Asker: 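This is the structure, below, for whatever I ask next.
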Amino acid sequence: MSSVDPHWPDSLQALYEQASGAPADAVLASRPQWAEQLADWVRRATLEERERAQMATWARLDMGSRSPGELLFLLAHSGELLWPYSEAPRELLQRLLSRQDQLVQALRGGGQGEALEPLAREVDAELSKVVARYLKRHPDELRRLVSGVRCTFDGRVLCFNDTVAVDVKTLLGSDKRLIGRLDQLRELLPHLREGRDKLVAFIRERAAKIPWRECRDILEEKLFQLVASARSPGELRGFLGCYAHGKREARWCTRAGLLLARNLEEGGAVAVIDNLSEVLVSFEPPVEGLRASLNAVVASLHEDRELARHRRVVDTCWERLVPKAEPGLALVLLWVEERLFRVALRQGAEDAFECRNRARERVRSLPVAEALEWLAEECAELWPRMESEHRPGADELAAWRQEVTRRYAKKPVLRKAAMEFVLWCAPDAAASEAELVTLSLVKTSTDRRLLRRLGDHPSTRVRFRVRAINAWLAAGPESSEPETPATLTGALRHLRSAGALTLGGGRTWLRDRDLEELLLGAFGRVERDFSARYPEHFREDESVLVSRLLEDLKNEVDSIRSDLSILLAQGQPVPLELGFQYRRREEAGQGTEAAEGARPAGVELGFVLTVEVEGFLTTKRAVLVQARKLEQRGEGQWAPNLRLAREQVDAVLGRSESSVCLFLVPPALRAECWMIPARLVRGLMDAQGSLSTVSREGAQRVARSLAQWMTYELLGLWAGDDRPGVLEWAEGRAQGGPDFIVELSVRKNGR
């Protein structure tokens, strides 16, 4: 309405002047005459005159001091004067009630208090008529019209200031704009003195009758408009409480999660982030909203950015999470807390330890709390290294995976928590480790079903990794692959299935069966001869036995060149040039002489292989070997166990996971030396509960002959470690290297 003081219509001007100029003690007596004249004017007035009268009435009620007669005329006849021709005035009811109080005070001061009660009832009825008429014309302006006035609800009628009543059914009507009108009622909830539960039940009852498919999109936009307008969380809870179906809308949950991730990534308004967090934790079931909130945190967690907003979201998640029901989400939150803790330490935050300890206290009552804290801390330390120049080696990662499996594979609740966590939170640089750990944790059909359900996870990273793992599990180890496998897993399976076939006539990259048979035969002759003569030399020190074995191998390699020339046609180039050299470290020799007479503790060898193919493909790798001999127990009887300390196995495994143990033994089923991976030896010792021995029968069952190992694993490039630190130690360039350094070189020319 305009604040300008317009003129009254000429047909009403005289009546208004008569009313405004009436003495205070005569206004009540004159009122019946005014009412009769005004009713006559209403019957004859045109629309233009009514509009002018309405504008003049509101202009005089809106501001300025008024006489008692003027106030009585304007308020007692407001139903005939205030018609809703223009937009709804802001705080209309509050202003009218303020003028009503002025009228009552003026009349009471003039000594007419006995007639105030019936007059007040008449004025209240007129004000109710005005409000109802405005609401009928402007049904979406309820909050604007009644703002600032206290109200109650008795289940049918809204009562403002205990006097002005509005029937909510009349207000709502039956048209298609019911959603907006329910919103008007919902906005009254924070200001309601009595009957709040009744109004909530009324709104929910009417909202439930709206066809959900028709109103879902409209309500979705309204919800996110509330979120973007930085309204209080209470209004958002009220909105979702009124439209209960929205709490189960997966699309709303997904949209809120995406918006939260974007605001965290771009540093959005804190109020909007709080609203989105509040919306997400209100969804049903609660775990889906919590998972969407955590997904936003995990996707936007960068340690080089300010993380105060992430802290607010994490605190909200902790408030709503029940760790006993969802240990997987508790594990993710513990990992996030570890990341935030490390950032807070670098920034010098005073409450870094307090926040971390508070998070751990939330899960302290769980039986698996210690395992959850361990994995969260391990991953917070390990995964950042995967993306740096200090990336851990393959051996360290294998040991980490084995430890995770040992701690988590026994309990279904831990397997479930760990599978979701590693697939979700592992960075791209650690994707292989995450998938391998997940595969090692899949033990039962229930685990497989869980893995399939993770295919609907809100994280894209989880969905892609789960699809790859499920595809591998569904295909099975014996399935056939296309000629060009599409994945690394498929390529490995393809190589495995093709292992029984020959590639160019051979079983290794040499692609020449004659060469492979020649090498296998040469190494086999040395091995058989050494094993056959072992009963004669077993009392010798292990270093002497190893020296004899290496010398025989060197001589046999030297004779291979003449054997190759026999196989080749006249003038044909030699396809393979093989070199074999070994040397003994001087420190090792001196130490052996100084310790003469003491029982030998084994010999360490470092095999260093250099391969060059056609002058442009090269590789260099090392294999660490721990050699031990079998001792005799009595005359003609061999000991049932091989003496080998567990510390020796752990030491060689600590340097390289591809290490091997060489056992020098007399002929048993066959005359050969036994080669067993050090990890398998460690497993045999654990299985028999021994700290210093390995069962001879157990070793024989899993061992491979020295000739086969050298031909198909060492020269076939299936064994070895190419890390610089391992190569440096195996070549004797580092302090405390192996006792013997064996250097092999293979140069393969063109066809």
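Worth saying up front: this structure is predicted, and the values here are computed from it rather than measured. Start at 1 with the first residue, then count along the sequence. The basis for the numbers below is simple: all heavy atoms, side chains too, and nothing from hydrogens, waters or symmetry mates.
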Asker: Please report the shortest heavy-atom distance between R655 and V726, naming the atom on each side.
Answerer: O-CG2, 3.4 Å
Asker: Shortest non-hydrogen contact from S459 to N295?
Answerer: CB-OD1, 3.2 Å
Asker: Distance from L450 atom CG to S445 atom OG, nearest 0.5 Å?
Answerer: 11.5 Å
Asker: Enter the distance from L307:CG to L264:CG here, rounded to the nearest 0.5 Å.
Answerer: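 Going from CG on L307 over to CG on L264, the span is 9.5 Å.
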Asker: With side chains defined as the heavy atoms from C-beta onward, is the minimum distance between F153 and K198 less than 4.5 Å?
Answerer: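 The answer is yes, as the side chains (C-beta and beyond) meet within the 4.5 Å cut-off.
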Asker: For W729 and S656: C-alpha separation, side-chain torsions, deciding distance, then whether side-chain contact (heavy atoms from CB on, under 4.5 Å) applies.
Answerer: CA-CA 10 Å; W729 194 89; S656 174; over 6 Å; no
Asker: What I want to find out is whether E265 reaches R262 closely enough, with some N-O distance under 4.0 Å, to be called a salt bridge.
Answerer: no
Asker: If you round to the nearest 0.5 Å, how far is CD of E657 from CZ of R679?
Answerer: 4.5 Å
Asker: Looking at every non-hydrogen atom in both residues, tell me the closest pair between C253 and G289 and how far apart they are.
Answerer: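 Smallest heavy-atom distance, with atoms named: SG-CA, 3.9 Å.
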Asker: Does atom CZ of R448 have more than 12 heavy-atom neighbours, drawn from other residues, nucleotides or ligands, at distances under 6.0 Å?
Answerer: no
Asker: Taking NZ, NE, NH1 and NH2 as the nitrogens, is one of them in R320 or E278 under 4.0 Å from a carboxylate oxygen of the other?
Answerer: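 Salt bridge present between R320 and E278.
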Asker: Report yes if some heavy atom in the side chain of L276 is under 4.5 Å from a heavy atom in the side chain of V272; otherwise report no.
Answerer: yes
Asker: Side chains of P458 and T254, heavy atoms from C-beta outward: is any pair under 4.5 Å?
Answerer: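 Sidechains of T254 and P458: no contact.
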Asker: Assign the ring pair W374 / Y408 to parallel, tilted or perpendicular, where the plane angle (0 to 90°) is split at 30° and 60°.
Answerer: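 Ring orientation, 0 to 90° scale: tilted.
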Asker: Please determine whether the number of non-hydrogen atoms from other residues, nucleotides or ligands lying under 6.0 Å from atom CD of E350 exceeds 12.
Answerer: no
Asker: Applying the salt bridge (charged side-chain N to carboxylate O under 4.0 Å, His left out) criterion to E396, which one of R385, R723, R391 satisfies it?
Answerer: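 Only one option passes, and that is R385.
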Asker: Between G455 and V466, which heavy-atom pair has the shortest distance, and what is it?
Answerer: N-CG1, 3.9 Å
Asker: What's the shortest heavy-atom distance between A417 and L331, and which atoms?
Answerer: O-CD2, 3.9 Å
Asker: With heavy-atom distances below 4.5 Å as the criterion, would you say the side chains of W318 and V363 are in contact?
Answerer: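 Yes, at least one pair of side-chain atoms sits under 4.5 Å.
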Asker: State whether the side chain of R465 and the backbone N or O of L423 hold a donor-acceptor pair below 3.5 Å, judged by distance alone.
Answerer: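 Side chain of R465 to backbone of L423, a donor-acceptor pair under 3.5 Å: yes, one is there.
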Asker: Can you tell me if T446 and R449 form a side-chain donor-acceptor pair at under 3.5 Å?
Answerer: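 Yes.
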Asker: With side-chain contact (heavy atoms from CB on, under 4.5 Å) as the test, would you mind laying out the steps for D428 and R461 before giving the verdict?
Answerer: CA-CA 9 Å; D428 294 338; R461 175 188 291 171; 4.0 Å; yes
Asker: Would you call V404 and L375 a side-chain contact if the rule is heavy atoms closer than 4.5 Å?
Answerer: yes
Asker: Between E373 and R364, is there a side-chain N and carboxylate O pair less than 4.0 Å apart?
Answerer: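 Answer for the salt bridge query: yes.
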Asker: What closest approach, in Å, do P427 and E387 show between heavy atoms, and which atom pair accounts for it?
Answerer: CB-OE2, 3.3 Å
Asker: Taking atom CD of Q402 as the centre, does the number of heavy atoms from other residues, nucleotides or ligands within less than 6.0 Å exceed 12?
Answerer: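 12 or below, so no.
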Asker: Does D154 use its side chain to pair, donor to acceptor, with the backbone of V157 at less than 3.5 Å?
Answerer: yes
Asker: For R291, is there an ion pair with E420 - N to carboxylate O distance below 4.0 angstrom?
Answerer: yes
Asker: Just checking E728: does its CD atom have more than 12 heavy atoms from other residues, nucleotides or ligands closer to it than 6.0 angstrom?
Answerer: yes
Asker: Measuring only between side-chain heavy atoms, which start at C-beta, is K411 closer than 4.5 Å to V368?
Answerer: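 They are in side-chain contact.
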Asker: Are E378 and R407 within salt-bridge range, i.e. N to O under 4.0 Å?
Answerer: no
Asker: Say you draw a straight line from CG of L382 to CH2 of W400; how long is it, rounded to the nearest 0.5 Å?
Answerer: 6.0 Å
Asker: So does L454 get a backbone contact from the side chain of R463, meaning a donor-acceptor N/O pair under 3.5 Å?
Answerer: no
Asker: For the NE2 atom of H310 and the CG atom of L340, what is their distance to the nearest 0.5 Å?
Answerer: 8.0 Å
Asker: As a test of understanding, state which of R362, R311, R358 forms a salt bridge (charged side-chain N to carboxylate O under 4.0 Å, His left out) with E337.
Answerer: R311
Asker: Is it true that a side-chain atom of D447 and a backbone atom of T444 form a donor plus acceptor pair closer than 3.5 Å?
Answerer: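 Yes, D447 side chain to T444 backbone: donor-acceptor pair under 3.5 Å.
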Asker: Contact between W424 and W335 at the side-chain level, heavy atoms closer than 4.5 Å - yes or no?
Answerer: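 In short, these two side chains do not touch, never coming nearer than 4.5 Å.
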Asker: With the threshold set at 4.0 Å, does a side-chain nitrogen-carboxylate oxygen contact exist between R360 and E338?
Answerer: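 Result for this pair is yes, salt bridge flagged.
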Asker: Atom CD1 in I273, atom CZ in R309: separation rounded to 0.5 Å?
Answerer: 5.0 Å
Asker: Is any NZ, NE, NH1 or NH2 atom of the basic residue among R356 and E377 found under 4.0 Å from an Asp or Glu carboxylate oxygen of the other?
Answerer: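 Yes, charged N to carboxylate O under 4.0 Å.
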Asker: So V227 and L259, side-chain contact (heavy atoms from CB on, under 4.5 Å) or not? Walk me through it.
Answerer: CA-CA 10 Å; V227 170; L259 288 175; 5.8 Å; no
Asker: Would you please test E326 and L290 for side-chain contact (heavy atoms from CB on, under 4.5 Å) and show each step?
Answerer: CA-CA 10 Å; E326 290 295 333; L290 287 170; over 6 Å; no
